[in-house]
Enquirer: 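Just dropping this structure here.
All of these numbers come straight from a predicted model, not from anything done at the bench.
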Amino acid sequence: MIGHLNLILRLTIWFLLTSDLSWANIIIGVSVALLLPGRQKVPEALRDWLRVLGEVIVAIPQAYIEAFEIILRPHNHEDVIMERVKPQRTPGLIFLDIFLITFTPKTIVLKYHEQGLYEVHRVIRRRKA
């Protein structure tokens, strides 16, 4: 079943990139998703996928809230932090984690380090001294 989730993730990315739901594009998208090389088999838990998809749903209103915060109260400080990757993450789940961090207006992932770290740029509001 997890293989199906990877296929759905690939198709979702395809449709977001092409913005076309015609029959020809659907056939091309399915073909591309199936022809892309696989990866090493790593056991994934359906529970992890469902939790991350729940976080994606929560991130949508959070992104709107952060956008209004930036408009109404400008954030005048920025910094780069290192954030640890959650343990035993597969490449698909790491992609979704990076998507979640980058989706909100205050943060963006600059780099993923193979040692299990994300380099995250964020803007924050600081009171003037």
Enquirer: Quick one: sort the Phe103 and Phe99 rings into parallel, tilted or perpendicular, breaks at 30° and 60°.
Expert: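 It falls in the tilted class, 30° to 60°.
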Enquirer: Could you list all the salt bridge (Lys or Arg N to Asp or Glu O under 4.0 Å) pairs where at least one residue sits in residues 112-123, not counting sequence neighbours?
Expert: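 Every salt bridge (Lys or Arg N to Asp or Glu O under 4.0 Å) pair that includes a residue of residues 112-123, provided the two are not neighbours, is Asp79-Arg122.
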Enquirer: Any side-chain heavy-atom pair from Thr102 and Thr107 closer than 4.5 angstrom?
Expert: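 The answer is no, as the side chains (C-beta and beyond) never meet within the 4.5 Å cut-off.
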Enquirer: Is Glu55 salt-bridged to Lys86, cutoff N-O under 4.0 Å?
Expert: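 Yes, charged N to carboxylate O under 4.0 Å.
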Enquirer: Can you get from Leu100 to Leu53 by hopping between Ile, Leu, Val, Met, Phe, Trp and Tyr side chains that sit under 4.5 Å apart?
Expert: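 Leu100 does not cluster with Leu53.
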Enquirer: Group every Ile, Leu, Val, Met, Phe, Trp and Tyr by side-chain heavy-atom contacts under 4.5 Å, then state whether Leu11 and Leu21 land in the same group.
Expert: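 Yes, one cluster joins them.
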Enquirer: Does Ile27 sit in a hydrophobic cluster with other residues, and if so which ones, taking ILVMFWY side chains as linked at heavy-atom separations under 4.5 Å, directly or through other members?
Expert: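 Its cluster partners, ordered by chain and number, are none at all.
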Enquirer: Quick check: is Tyr64 connected to Val56 through a chain of hydrophobic side chains (ILVMFWY, heavy atoms under 4.5 Å apart)?
Expert: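 Yes; Tyr64 is reachable from Val56 via cluster members.
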Enquirer: Answer yes or no: are there more than 12 heavy-atom neighbours, outside Phe15 itself, under 6.0 Å from its atom CZ?
Expert: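 Check passes, neighbour count above 12.
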Enquirer: What are the two closest heavy atoms between Glu66 and Thr104, and how far apart are they?
Expert: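 Residues Glu66 and Thr104, closest heavy atoms: OE1-CB, 3.2 Å.
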Enquirer: Do Leu16 and Thr12 come close enough that some side-chain heavy atom pair is under 4.5 Å?
Expert: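 When only atoms from C-beta onward are counted, Thr12 and Leu16 do touch, with a gap below 4.5 Å.
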Enquirer: When rounded to the nearest 0.5 angstrom, what distance separates NE2 in His121 from CD1 in Ile108?
Expert: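 Taking NE2 in His121 and CD1 in Ile108, the distance rounds to 8.5 Å.
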Enquirer: Taking all atoms of both residues into account, what is the closest heavy-atom pair of Pro105 and Ala67, and its distance?
Expert: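 Result for this residue pair: CG-N, 3.8 Å.
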Enquirer: Give the C-alpha distance, both sets of side-chain angles, the deciding distance and a yes or no for side chain to side chain donor-acceptor pair (under 3.5 Å) between Thr18 and Asp20.
Expert: CA-CA 5 Å; Thr18 61; Asp20 181 14; 5.9 Å; no
Enquirer: Rounded to the nearest 0.5 Å, how far apart are CH2 of Trp14 and OG of Ser19?
Expert: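 Those atoms lie 11.5 Å apart.
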Enquirer: I'd like to know if Glu69 and Arg125 make a salt bridge, using a cut-off of under 4.0 Å between side-chain N and carboxylate O.
Expert: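 Salt bridge between Glu69 and Arg125, a charged N being under 4.0 Å from a carboxylate O: no.
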Enquirer: When rounded to the nearest 0.5 angstrom, what distance separates NE2 in His113 from CZ in Arg84?
Expert: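 These two atoms lie 11.5 Å from each other.
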Enquirer: Under 4.5 Å between side-chain heavy atoms, chaining through other members, with only Ile, Leu, Val, Met, Phe, Trp and Tyr counted: pull out the rest of the cluster around Val85, sorted by chain and number.
Expert: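 Listed partners: Ile81, Ile94, Ile98, Ile101, Val109, Tyr112, Tyr118, Val120.
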Enquirer: According to a 4.5 Å side-chain heavy-atom criterion applied to Ile, Leu, Val, Met, Phe, Trp and Tyr, with indirect links allowed, do Val32 and Val30 form part of one hydrophobic cluster?
Expert: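 Per the 4.5 Å side-chain linkage, Val32 and Val30 are co-clustered.
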Enquirer: For the atom pair CZ (Arg73) and CD1 (Ile71), what is the distance rounded to the nearest 0.5 Å?
Expert: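 These two atoms lie 12.5 Å from each other.
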Enquirer: Does the side chain of His77 come within less than 4.5 Å of Val123's, by heavy atoms?
Expert: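 They are not in side-chain contact.
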